[in-house]
Amino acid sequence: MALDSKSVSLTFPDGNSRSYAAGVTPAQVAADISTSLAKKAISASVNGQHWDLQWPIEQDAEIAIHTMKDEAQANELIRHDFAHVMARAVQEIWPDTKVTIGPVIENGWYYDFDRAEPFTPEDLGLIEKKMKEIINKRDPVTTEIWDRERAIAFYKANNEPYKVELVEAIPGDEPVRMYWHGHWQDLCRGPHLQHTGQLPGDAFKLMSIAGAYWRGDSNRPMLQRIYGVAFTGKEKLKAYLHMLEEAAKRDHRKLGREMDLFHMQEEAPGQIFWHPNGWTIYTTLQDYMRRAQHRGGYVEVNTPQVVDRKLWERSGHWDKYQENMFIVEVDEEHAREKAVNALKPMNCPCHVEIFKQGLKSYRDLPLRMAEFGSCARYEPSGALHGIMRVRGFAQDDAHIFATEDQIGDECARFIGFLTDVYKDLGFDSFKVKFSDRPEQRAGSDEVWDKAEEALLTATRAAGVEPELNPGEGAFYGPKLEFVLTDAIGRDWQCGTFQVDFVLPERLDATYIGADGAKHRPVMLHRACLGSFERFIGILIEEHAGKLPFWLAPRQVVVASITSEADDYVLEVVETLKAAGVRAEADIRNEKINYKVREHSVGKVPVILAVGHREVEERTVSVRRLGEKQTRVQSLEDVTKELARAATPPDLL
RNA sequence: GCUGCUGUAGCUCAGAGGUAGAGCACUCCCUUGGUAAGGGAGAGGUCGAGAGUUCAAUUCUCUCCAGCAGCACCA
């Protein structure tokens, strides 16, 4: 206990307080309460800050002692300690491995290593075994504060160059905190457990190995990253692994094949061959968006695919994105040089060119110009991912030409528009991120100040408090990102709303103001679904292939139970089709069990079975996907019901 | 693009230095069956592409292409 005669008053969650000598540690406080708590304690919260049991408390504070039952703190701690224990295990097995960083992430942690030999999947088993040995040793975790010079000298002596760089990067002249798990040492902010034996040795698993750049910089060395997951108990680990298995079944690439929606092949990497079923989803969604946009006050346009580089040079894209464009060279007759064009990677410059035709008045603003623009981008091979990240896609793109003081209204209006659309498509909630100025950008700081301020204010005014995403804006302006997640929780930007003062300037777009003089419009880039391709991928995973009836590519299969019902089956199909339902007949020579199974696997939402009884009574037996029991209904009722279900939500 | 892994029938996968197998799907026959796989027969592969080693390569080596995971990128 500290010799300091000063005392501190600690208040517990139940409101009681006790007095201790200043410098008391939560470990001592726990021991003072009970020996069992001293054993079970893993960390504390001191004035709301997650606090190591060994850190001294120098001032009056509110304190709570945590045990494994405090899920949030326990997860944070064990994942962090697992990272250290894993690094220790790796260095014990392969002593020439250099350590770098190992943060906690969702469900687990990773640690980046520099080692000449690649880790193999078999190595993961070895490391896990070694980790369990370390846990069984119940080595104490200790911590000290060192001054920087000492830490730097220590890491230099130990040949840990990455750690040297990390210490040097800690701002100011602050001393640094060092941790030991037994003999093994790491630079760390903490907090940590009391000893390695507090780790649940049966509730972790090393998942995968992957490359990762040192400090996230592609110019620096590539390290080897090992990912692990850990939970407070074995059952939770099991549940998590089970969830991953279930998620794999929702993978849009797998469902795309099983439901015969699309395929991709080597000759066109990153581009989609849409099959009839998939294209039905696509066009149904596009029709819906077209109606929504008309209602939302947009005009629709269409612009060229192949555009001369001159326009891209003027817009600034040639400079920044040349390597990511598909270039089309053409030998023009009598021309001295080949004409160089690019497949359009986006629609904005072409929309500005439409805006510039004729004189625009302030009375024309805001002018909302939409296009389902087909774009081609030469994305890096490693970025491609099913239909979510592709090289050929169509956006539900639009550019709003507006005056500066219309930004707020347009932003709010768009957020409302997007919210309605997402709700219709089954997404009641989504993340909104605000990305501000990137390091490389066009336009002056004053313009950026103005744009960021306008966008953030407008977003908040619309009742949305976005997550901040610093430095991630577009080169011409700040943006809002509307983010949805896939089956295994990866984030995908779908909608976007961007403020752009730069492009109208570069392409010299103007309108005539009320004062009779020329003014520069602001351009608001926005997409609601983002790309149809990505959004459909998300839709498939969100619904596990069981799309809402109106979007389902195959809505109804009418299946005969005996061949004597075939004629009636065909009649039912024709009736449904005439009512606007996507219906097909299954009069194959197969048993009804077989047909039911096949169409259930194919995610057809409704199967109508027809046998002798139904033919005689002019009814059908209705079976809905996922339900076991069936219901007999008259053909007339079913047709009415299904026709209504097949109607897009905006037309009901 | 980078690191690692993978590429065999439409799909899911087995296999070995001596030019290939299963299940499902497909075709035909029998079966007319009442709500998640009825029975039989048949057809189907230049083992991702190219080069090298070898008497012999789909198998070993190299290069390329594509896919997967992660990183970087994402106008």
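A, B, ... follow the sequence lines: proteins, then strands. Residue 1 opens every chain.
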Is A:Val352 close to A:Phe401 at the side-chain level, that is, under 4.5 Å between some pair of heavy atoms?
yes
Gap in Å between the two P atoms, one belonging to B:rC60 and one to B:rU6, rounded:
11 Å
For the P atoms, the ones on B:rU27 and on B:rG44, what distance do you get once it is rounded to whole angstrom?
15 Å
Could you note down all residue pairs passing ring pair (Phe, Tyr, Trp, His ring centres under 6.0 Å) where residues 581-613 of chain A supplies at least one of them, sequence neighbours left out?
none
One thing to verify: whether A:Glu598 and A:Arg588 come together as a salt bridge, which I'm taking to mean a side-chain N less than 4.0 angstrom from a carboxylate O.
yes
With sequence neighbours left out, what residues match A:Arg377 under side-chain hydrogen bond (donor to acceptor under 3.5 Å, both in side chains)?
none
Among A:Glu371, A:Arg368, A:Arg526, which residue meets the side-chain hydrogen bond (donor to acceptor under 3.5 Å, both in side chains) test with A:Tyr298?
A:Arg526
With rounding to whole Å, what would you report as the distance between B:rA41 and B:rA16 at their C1' atoms?
30 Å
Any salt bridge between A:Arg520 and A:Asp508, counting N to O under 4.0 Å?
yes
Are A:Tyr422 and A:Phe482 close enough that their ring centres sit under 6.0 Å apart?
no
Those stems involving RNA chain B that have three or more consecutive Watson-Crick or G-U pairs, both distances under 3.5 Å, are B:1-7 with B:65-71, B:10-13 with B:21-24, B:26-30 with B:38-42, B:48-52 with B:60-64
So for A:Glu614 and B:rG34, does any side-chain atom that can act as donor or acceptor lie under 3.5 Å from a complementary atom in the base?
yes
Round to the nearest Å and state the distance from A:Leu206 atom CG to B:rC5 atom C1'.
17 Å
What nucleotide, of B:rG48, B:rU35, B:rU32, holds the atom closest to the side chain of A:Ser563?
B:rU32
Phosphate-side-chain proximity, A:Ser381 and B:rG1, N/O vs OP1/OP2 below 4.0 Å:
yes
For B:rC71 versus B:rG15, give the span between their C1' atoms, rounded off to a whole number of Å.
35 Å
Between A:Tyr594 and B:rG39, is there a side-chain N or O to OP1/OP2 distance below 4.0 Å?
no
Which whole number of Å gives the distance between the C1' atom of B:rA25 and that of B:rG42?
14 Å
Would you kindly give the CD-to-P distance between A:Glu267 and B:rG48, to the nearest whole Å?
15 Å
Produce a footprint string for nucleotides 68-75 of chain B: one letter per nucleotide, 5' end first; B if the base is under 4.0 Å from any protein heavy atom, S if only the sugar-phosphate is, - if neither.
SSBBBBBB
Judged by nearest nucleotide, the residue sitting upstream toward the 5' end of RNA chain B, A:Gln224 or A:Gly270, is A:Gln224
With a 4.0 Å cut-off, would you call A:Asp491 and A:Lys433 a salt bridge?
yes
Considering only atom P, compute the distance from B:rG48 to B:rU32 and round it to an integer number of Å.
45 Å
I need the NE2-P distance between A:His599 and B:rU35, as an integer number of Å.
17 Å
Salt bridge or not between A:Arg631 and A:Glu641? Use side-chain N to carboxylate O under 4.0 Å.
yes
Rounded distance in Å - CD (A:Glu258) to P (B:rC11):
12 Å
Looking at A:Lys254 and A:Glu258, is there a salt bridge between them, counting it only when a charged N and a carboxylate O are closer than 4.0 Å?
yes
Nearest whole Å is fine: how far is B:rU32 P from A:Lys595 NZ?
14 Å
A:Gln440 near the nucleic acid: base, sugar-phosphate alone, or nothing, with a heavy-atom cut-off under 4.0 Å?
nothing
A:Arg597 atom CZ is separated from B:rA36 atom P, nearest whole Å, by 11 Å
RNA chain B contacts made by residues 619-631 of chain A, counting heavy atoms under 4.0 Å
A:Ser621, A:Arg623, A:Lys628, A:Thr630
Whole angstrom value for the distance that separates C1' of B:rA37 from CZ of A:Arg588:
12 Å
Those residues that, when tested against A:Asp251, pass side-chain hydrogen bond (donor to acceptor under 3.5 Å, both in side chains) (two or more places apart):
A:Arg253
I'd like to know if A:Glu165 pairs up with A:Arg220 as an ion pair, taking the criterion as any Lys NZ or Arg NE/NH1/NH2 lying under 4.0 Å from an Asp or Glu carboxylate oxygen.
yes
Which of the following nucleotides, B:rA36, B:rC26, B:rG38, is nearest to the side chain of A:Glu590?
B:rG38
Taking B:rG45 as the reference, what is the distance to B:rC30 when you measure between their C1' atoms (whole Å, please)?
30 Å
Using whole Å, what does the distance between atom C1' of nucleotide B:rC65 and atom CZ of A:Arg391 come to?
12 Å
Inter-nucleotide C1' distance (B:rA43, B:rU35), Å rounded
32 Å
Look at A:Arg618 together with A:Glu571 and state whether they make a salt bridge at an N to O cut-off of under 4.0 Å.
yes
